[in-house]
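If you're wondering where the values come from, they're calculated on a predicted model, not measured in any experiment.
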Amino acid sequence: FLKVDVFCFYKTYKLDTVKFDSKKITINNRCFEKCSSLKKVNCPSSETIKCYARSFNNSSFEKYLTTKEGTNITKW
């Protein structure tokens with residue numbers, strides 16, 4: 001289980017791509033707050049992902065998450 005905590009990557013302006021290798025992932029609120037260069041969050045082995053409404057700086061998680069087919073993504 002991987003928990004990506006609140007403000008984990010806060011103001012990491014040059015962050016472009018992140019890879020999380022875990023079957024269960026929780027991406028908390030404001031995790032990617034002010035990450036203006038973020039393009040992709042790759043989760044190749046995920047089965048379940050829980051995202052909060054503001055995980056991606058008020059943008060939709062669909063814009064960033066890359067997962068394998070069948071991954072269950074829940075938005076809180």
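- Ring geometry for Y64 versus F56: interplanar angle under 30°, hence parallel rather than tilted (30 to 60°).
- To the nearest 0.5 Å, atoms CG (N42) and CG (L65) are separated by 9.5 Å.
- Shown here for I27 and I49, the closest heavy-atom pair between the two residues is CD1-CG2, 4.3 Å.
- Side chain of N29 to backbone of R54: a donor-acceptor contact under 3.5 angstrom is found.
- Closest approach of K34 and Y13 over heavy atoms only: O-CD2, 3.3 Å.
- Within the 4.5 Å cutoff, no side-chain heavy atoms of Y10 are placed close to those of R30.
- Annotation: the span from K11 atom NZ to S36 atom OG amounts to 11.5 Å, rounded to 0.5 Å.
- In K14, the NZ atom is not crowded: 12 or fewer heavy atoms of neighbouring residues, nucleotides or ligands sit closer than 6.0 Å.
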Exercise for review: Would you please test T26 and Y52 for side-chain contact (heavy atoms from CB on, under 4.5 Å) and show each step?
Suggested key: CA-CA 8 Å; T26 298; Y52 286 80; 3.9 Å; yes
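- Checking side-chain atoms of S46 against main-chain N and O of T48 turns up no donor-acceptor pair under 3.5 Å.
- Residues N28 and K3 form a side-chain contact, since some pair of their non-hydrogen atoms from C-beta on lies under 4.5 Å apart.
- Defined by atom type and a distance below 3.5 Å, a donor-acceptor pair is present between the side-chain atoms of S45 and D21.
- Atom-to-atom distance recorded for L15:CG and K40:NZ is 12.5 Å, nearest 0.5 angstrom.
- Relative orientation of the F20 and F9 rings is tilted, given thresholds of 30° and 60° on the angle between their planes.
- Put simply, the side chain of P44 does not reach to within 4.5 Å of the side chain of K68, judged on heavy atoms.
- L38 has its side chain out of reach of D16: every pair of non-hydrogen atoms, C-beta onward, lies at least 4.5 Å apart.
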